[in-house]
Amino acid sequence: MTDGRTARPLETDRPTPFDPPAELRRRPPLSRLAYPDGHLGWVATGYAVTRAILADPRFSTRRELLHQPVGRERAHERPAPAEPGIFPHMDPPEHTRYRRLLSRHFGPRRVAELTPAIRRYTERALDAMAAGGSPADLVTSFAVPVPALVICELLGVPAEDRHAIQAATAVMNDLDSTPERAVEAVMSITGTVRGLIGRLRRGAGGPDEEGLLAHAVATGDLTDEELTNLGMVLLATGHLPTSSMLALGTFVLLTDETRRTRPSEDADVAERAVEELLRYLSILQFDVRRTALADVEIDGQVIAAGETVVLALPVANRDPERFPHPDDLDLGRPATGHLAFGHGIHQCLGQHLARAELRIALTALFDRLPDLRLAVPAAEVPTRERSAVYGVDRLPVAWGTPSAGHSARDADEAAIR
Ligand code: HEM
C-alpha cells in the first residue's frame, strides 16, 4: 500500500492515441494519488471498485469538496459551491430535483423524435465538408457542428442564435484559444441563453416552444439564474464529449487496419459498435471525481472523509476481469455494462442522445465517404492528454483520389501501435 510519502501524481502519458496511460494501468484497483494542490487522495482504476464508488451515496460531487488531479495553475484555488442549476455538482436532494425535471427531455422517446434532426444536421455537415473539398479537418467540419446543432434543437434555441452558440462553443473547446477569448465565448453563450429565457418569459416568440427551455420556463418552478445555468450545463455537457467521441471514434476506425469493420446501417450492428467504441475510448478521463463524506472502507482500504477519488474510466473499462481481451477493439462484442457514461445517480443524462448521434453520424460519414483516410501520419494528430475530456484537437482527413499517391495511414500505421 502507498502512503503520503510514496504517492505519485496522476500518470497521463499515453502509449498510443487510443490506449490509457500505461503507468496508470499498472496501479492496483484503488491507490493513493498525489494531487497538485498537496492533497493526498486516491485514484480508482479497477472496474468493480469504480462502479462501487459511483453507486455509493457516501461520495459527493460537490465542487467545493473536489480536488483537481491535473493542472498546477489553478489547483490551489478552492472552487466555490455550485450555483443554482449546476446540478452535476450537487448531491441529493438538490440534484434529484433538477434531474427529475430534465429526465423526460432525454428519454428514448424524445431521442427518437430528434432522430430526423440528427440526420439532417449530419447530412448538412457532410454536404458542406464535401463542397469544401478534400482534405478537411473533421473536428471543425463535422464533429463540432453536429452535436452543437443537435443540443440547440433539443433546448429550443432558434435558428438565428445557433450560429453564435456554435461559433462560441468552437472557441471554448479550442485549446489554442487564449483565456480571454475563452471567457468571452462563455459570456457570449450566457448572454444568448439569458436573452432566450427573457423572450420566453415575455412570451415574445422566437424560441422553439417545444424545446426544453420553453418547458422549463413554463413549469414556473425555476428562477432565471437556474434556467440560465441549466442551459449552460446542457450546452457544455451535450457538446464537447460527443464531438470528442465522434472525432476520436473516426480516428481509431481510420487507423484500425486489422479490423476494418465500420458501424453499418444495420441498427443492431451499429449499436454494438458504438457501445464498444465508448468502452474502448472512454473519453471522460479525469473529470469523474468524488469526495468521501464519511470514512468508507472499500477494497480493503479506508477512504477518509474529505478525500477525493478520481475514477479513471479509461482504465476501469479496460479491466480484464470485466472485459476479456480489453485492449482489442472488437466492434461485435457486447460491451454493455461499460462505465463510459458513469454509473449511479449522476450517470450521463444525455446517454441515449449521445448513442443516437454517434450511430447516425458515424454511419453516414462512412457511407458517404467510404474511402475516408487520414491526411497526415497518425502520429501527427494532436491529442489532448492532460485534458479532462480526452480527444483530438484536429483530425485532418482526405477522400477521393489521393494527390500524393499514398495514404498517410499506410505510411504511419506503425507509429501508433
Ligand atoms: C459520447 C458522449 C458522452 C459521454 C462519453 C458522456 C459521459 C458522461 C459521464 C461519464 C458522466 C458522469 C459524470 C459523473 O458521474 O461525475 C456524464 C454526466 C452527464 N452528461 Fe454526459 N456524456 C456524453 C454526452 C452527453 C450529452 C449528449 C449530454 C446532453 C446534454 C450529456 C449530459 C450530461 C449531464 C447533464 C451529466 C450530469 C448528470 C448528473 O450529474 O446527474 N452528456 N456524462
(message) Under a 3.5 Å distance rule, please check whether Thr16 uses its side chain to pair with a backbone N or O of Phe18 as donor and acceptor.
(response) yes
(request) Check whether any side-chain N or O of Ser188 sits under 3.5 Å from a backbone N or O of Ala168 as a donor-acceptor pair, and report yes or no. (result) no
(request) Step by step, work out the side-chain contact (heavy atoms from CB on, under 4.5 Å) result for Val111 and Phe106. (result) CA-CA 6 Å; Val111 171; Phe106 289 91; 5.8 Å; no
(message) Quick one: does any side-chain atom of His89 pair with a main-chain N or O of Arg62 as donor and acceptor, under 3.5 Å?
(response) no
(message) Please evaluate residues Arg25 and Asp327 with respect to the criterion salt bridge (charged side-chain N to carboxylate O under 4.0 Å, His left out), reporting the C-alpha separation (whole Å), side-chain torsions for both, the decisive distance (0.1 Å), and the verdict.
(response) CA-CA 12 Å; Arg25 297 185 79 177; Asp327 295 334; 2.9 Å; yes
(message) Could you check whether Arg110 pairs with Glu113 (Lys NZ or Arg NE/NH1/NH2 to Asp/Glu carboxylate O, under 4.0 Å)?
(response) yes
(request) I would like to know whether Val288 and Leu54 meet side-chain contact (heavy atoms from CB on, under 4.5 Å); could you show each step before the answer? (result) CA-CA 9 Å; Val288 182; Leu54 289 173; 3.9 Å; yes
(message) For Leu155 versus Gly231, what's the shortest heavy-atom pair and its separation?
(response) CD1-O, 4.1 Å
(request) May I ask you to test the Leu293-Asp91 pair for a side-chain heavy-atom distance under 4.5 Å? (result) yes
(message) Any heavy-atom pair between the side chains of Leu102 and Leu234 that's under 4.5 Å?
(response) yes
(request) May I have the step-by-step check of side-chain contact (heavy atoms from CB on, under 4.5 Å) for Tyr35 and Leu10, ending in yes or no? (result) CA-CA 8 Å; Tyr35 286 67; Leu10 194 71; over 6 Å; no
(message) Less than 6.0 angstrom from the centroid, inside 45 degrees of the normal: does Arg32 satisfy that with respect to the ring of Trp42?
(response) yes
(message) So which atom in Ala44 and which in Val49 form the shortest heavy-atom distance, rounded to 0.1 Å?
(response) CB-CG1, 4.1 Å
(request) With the side chain counted from C-beta on, respond yes when Tyr280 and Asp330 share a heavy-atom pair under 4.5 Å apart, and no when they do not. (result) no
(request) Search all heavy atoms of Val392 against all heavy atoms of Arg384 and return the closest pair with its distance. (result) O-NH1, 3.7 Å
(message) Which heavy atom of Ser103 sits nearest to which heavy atom of Arg100, and what is that distance?
(response) OG-O, 3.4 Å
(request) Would you mind reporting whether Leu138 and Met129 have side-chain heavy atoms less than 4.5 Å apart? (result) yes
(request) Establish, for the pair Arg333 and Phe323, whether the NZ or CZ atom is under 6.0 angstrom from the six-membered ring centre and no further than 45 degrees off its axis. (result) no
(request) List the steps, then state whether salt bridge (charged side-chain N to carboxylate O under 4.0 Å, His left out) holds for Asp224 with Arg194. (result) CA-CA 8 Å; Asp224 283 4; Arg194 201 173 280 138; over 6 Å; no
(message) Using the rule given for side chain to side chain donor-acceptor pair (under 3.5 Å), can you reason through His338 versus Asn317, listing the C-alpha separation, both sets of side-chain angles and the distance that settles it, and then say yes or no?
(response) CA-CA 6 Å; His338 66 72; Asn317 276 335; 4.5 Å; no
(request) May I ask you to decide if His67's main-chain N or O and Arg289's side chain share a donor-acceptor pair within less than 3.5 Å? (result) yes
(request) Check the pair Arg279, Glu276 against salt bridge (charged side-chain N to carboxylate O under 4.0 Å, His left out), reporting the backbone distance first and the verdict last. (result) CA-CA 5 Å; Arg279 176 197 75 83; Glu276 171 67 347; 2.8 Å; yes
(request) Given side chain to side chain donor-acceptor pair (under 3.5 Å), test Arg386 with Thr12 step by step and report yes or no. (result) CA-CA 6 Å; Arg386 293 180 62 78; Thr12 56; 3.2 Å; yes
(request) Give the minimum heavy-atom separation between Ala305 and Asp295, together with the two atoms involved. (result) N-OD1, 2.8 Å
(request) State, to 0.1 Å, how close Arg368 and Glu123 come at their nearest heavy-atom pair, and which atoms those are. (result) NH2-OE1, 2.9 Å
(request) Answer yes or no: is there a donor N or O on one side and an acceptor on the other, between the side chain of Thr96 and the main chain of Pro92, under 3.5 Å? (result) no
(request) Under the side-chain contact (heavy atoms from CB on, under 4.5 Å) rule, what do Arg27 and Leu33 come out as? Steps first, then yes or no, please. (result) CA-CA 10 Å; Arg27 286 175 174 259; Leu33 185 73; 3.6 Å; yes
(message) With rounding to the nearest 0.5 angstrom, report the CZ to CG distance, Arg104 to Leu212.
(response) 8.5 Å
(request) Would you check if Leu284 and Pro241 make a side-chain contact, meaning some heavy-atom pair closer than 4.5 Å? (result) yes
(message) If we ignore hydrogens and angles and just use 3.5 Å, is the side chain of Ser134 paired with the main-chain N or O of Trp399 as donor and acceptor?
(response) yes
(request) Taking the side chain as every heavy atom from C-beta outward, state whether Ser31 and Thr45 have any pair of such atoms under 4.5 Å apart. (result) no
(request) Check for a donor-acceptor pair, side chain of Arg162 on one end and backbone N or O of Val157 on the other, with a separation under 3.5 Å. (result) yes
(request) Establish, yes or no, whether the cationic atom of Arg318 lies under 6.0 Å from the six-membered ring centre of Tyr47 and within 45° of the ring axis. (result) no
(message) For the backbone of Thr308 and the side chain of His39, can you confirm whether one donor and one acceptor N or O come within less than 3.5 Å of each other?
(response) yes
(request) Quick one: pull up CD1 in Ile165 and CG in Leu196 and give me the separation to the nearest 0.5 Å. (result) 6.5 Å
(message) Please report the interatomic distance CG(Leu154) to CG(Leu149), rounded to the nearest 0.5 Å.
(response) 12.5 Å
(message) Using a 3.5 Å distance criterion without hydrogens, assess whether the side chain of Gln285 forms a donor-acceptor pair with backbone atoms of Pro20.
(response) no
(message) Between Ile303 and Leu30, is there a side-chain heavy-atom distance shorter than 4.5 Å?
(response) yes
(request) State, with a plain yes or no, whether a side-chain heavy atom of Leu222 is found less than 4.5 Å away from one of Leu101. (result) yes
(request) State whether Tyr390 and Arg14 meet the cation-pi test: NZ (Lys) or CZ (Arg) under 6.0 Å from the six-membered ring centroid, and within 45° of the perpendicular axis. (result) yes
(request) Mind checking the OG1-CD spacing from Thr228 to Glu83? Nearest 0.5 Å is all I need. (result) 10.5 Å
(message) If I take atom CG from residue Leu353 and atom CD from residue Glu153, how far apart are they, to the nearest 0.5 angstrom?
(response) 11.0 Å
(request) Please assess Glu23 against Arg26 for the test salt bridge (charged side-chain N to carboxylate O under 4.0 Å, His left out), listing each intermediate value before the final yes or no. (result) CA-CA 5 Å; Glu23 292 290 326; Arg26 280 196 266 281; 2.9 Å; yes
(request) Hey, can you tell me if His95 and Phe87 have their rings parallel, tilted or perpendicular (30° and 60° cut-offs)? (result) tilted
(request) Nearest 0.5 Å please: distance from the CD atom of Glu226 over to the CD1 atom of Ile86. (result) 10.5 Å
(request) Return yes if some donor-acceptor pair links the side-chain N/O of Arg355 with the main-chain N/O of Glu271 below 3.5 Å, else return no. (result) no
